[in-house]
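Read the structure below first, then the notes.
Every chain is numbered from 1, with letters handed out A, B, ... down the list of sequences. Every value quoted in this text rests on a predicted model; they were computed, and no experiment measured them.
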Amino acid sequence: MIVLAIESSCDDTGAALIEEGRRPLSNIVSSQDEVHRKYGGVVPELASRRHLENIVPVIKGALQEAHKTLDEVDAVGVTRGPGLVGSLLVGIMAGKAVSYAKDIPMVGVNHLMGHLLAIFLENEIPFPFIGMVASGGHTALYLAEGFVSFRFLGGTRDDAAGEAFDKVAKYLGLGYPGGTIIERLARRGDSQAISFPRAYIAKDSLDFSFSGIKTAVVNYVRSHPPTDDGLANIAASFQEAVVDVLVDKIIWAAQRYKVDRAVVSGGVACNGRLRERLNQRGEELGIRAYFPSPHLCRDNAAMIGVAGYHLLKEGRRDGLDIGALSRWLFGRE
Amino acid sequence: MEVGRMLEIVSDTPHETERIGSLAGEMLKNGDVVALSGELGTGKTTLIKGIAQGIGFDSGEVVSPSFTFINEYDGPLPLFHIDLYRLENEKELYEIGYEEYMQGDGVVVIEWADKVPHAVPEESLWITLRYLDAERREIIVTARGARYEKIIEHLRKKLYT
């Protein structure tokens, strides 16, 4: 089965052709980072306008690169939420058009489920595993028990991990996207220079809070106006505090559910320090960590194709009447 | 302390900020608009968690909408949590469909409202957070319109008597 997958939940427009739920025949992402850099973040209206301009060329590109025509597509998987409604609608409408015109089934996919399954594009790993999605809009931990079976274990109570990176970077006058810039700057800094608070919320809690550390950075900068070196130390110490909490909670979750595999995805999973630290801790404790390649960690349509394929295989279908869901709690039923 | 329809409060801890939000939240009614301003890290999210709790939500439900621009919560009184952090100018606001929320049913809370002062309904409750030191914040509550004066009175009574 070949699935045409479409993703437009935030700032990237993506389309991909996925064969049998794991082989990407193509995976096109048209990033809007250039547009958003100017604004220091995602501006909803800009995002949906750019999606409109991008969606048809991106789908055509995905077909061309896979050397397929629409007639060879068996089904459509499209991100239905969570995300910006105006952006999501562009992808959903395109998906409906293809489904209707070619009379093939369509299924709406939760964006987080896509992230959790992105690893299968590169790696066949057995269930169960602990799955974490950490990005600009999400920070959530799951117990993955099967391709369509996920249990929500905990999530952020305020800011997402990537949002903390973005806001701190903007506050320090460093630009967007914050994650990449802070990681680069952090390499020159001392991660032990400043002791920023690690918010664990409660002993054994699998929830997150990143608002406090953002405040701590602001407090620190107010009392210690940074020099160039100082800036690198702030970046390194801030990054270390975020990474510490993410790693600890992944490990706690793995231990609590007696699982020896952990998969981390989402834009924050591109962070080199996070990869290094989780690999290290995991090795000590017999927990194997998996990270999709950076282009599959970030928003992309291929991962939606994997999720869509497995939902379709389970018999899930959506009609032409589905709408976008800005908030869509996943794995909590 | 109190000047007309304005109340200045010093909050010593985030916990206290949340309580102040909760006291304001329990007085909010359908159609009310709360406009928040204050720099990054002054406790806007904490205050909103309190407001949500006052309305009758679990404060843990409320997360930052910076990424999605708006979060809607269904509950005893629907809560629309708008975050204008990423907005650059007033024009963009109208393009986004922001006005629809101002006419909706429920309570609207707008973070970074000072970015678009003219787009906030004339009758609204303004809460401004100011940094004093690492822990302490000055919280200035201003009632614009008679319906919000009761909230100030309620806060004054609960906090100072």
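- Along residues 212-220 of chain A, the residues that come nearer than 4.5 angstrom to chain B, judged on non-hydrogen atoms, are A:Lys214, A:Thr215, A:Val218, A:Asn219 in order of number.
- Contacts of residues 16-38 of chain B with chain A at a heavy-atom distance below 4.5 Å are absent; not one residue qualifies.
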Report task. Before giving the answer on side chain to side chain contact (heavy atoms under 4.5 Å, CB included), spell out for A:Arg157 and B:Glu61 the whole-Å C-alpha distance, their side-chain angles and the decisive distance to 0.1 Å. Result -> CA-CA 7 Å; A:Arg157 295 190 179 179; B:Glu61 270 183 76; over 6 Å; no

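- Only the side chain of B:Asp83 comes within less than 4.5 Å of a heavy atom in chain A; its backbone stays farther off.
- Remark: A:Ser326 OG to B:Asn71 CG distance equals 7.0 Å, nearest 0.5 Å.
- Taking B:Ser64, B:Ser59, B:Ala134, B:Pro65 one by one and counting their heavy-atom pairs under 4.5 Å with chain A, the maximum is reached by B:Ser64.
- Summarising the local packing, NZ of B:Lys115 is surrounded by more than 12 heavy atoms from other residues, nucleotides or ligands at distances under 6.0 Å.
- Separation of atoms OH (B:Tyr85) and CG (A:Asp159) is listed at 9.5 Å; rounding is to 0.5 Å.
- For B:Glu39, the part lying near chain A is the side chain, with the backbone staying farther off; criterion is any non-hydrogen pair under 4.5 Å.
- Here the options are B:Val63, B:Thr45, B:Thr46, the test is side-chain contact (heavy atoms from CB on, under 4.5 Å), and the partner is A:Asp158; only B:Thr45 passes.
- Here the closest non-hydrogen pair linking B:Glu72 and A:Arg327 is O-NE, 3.2 Å.
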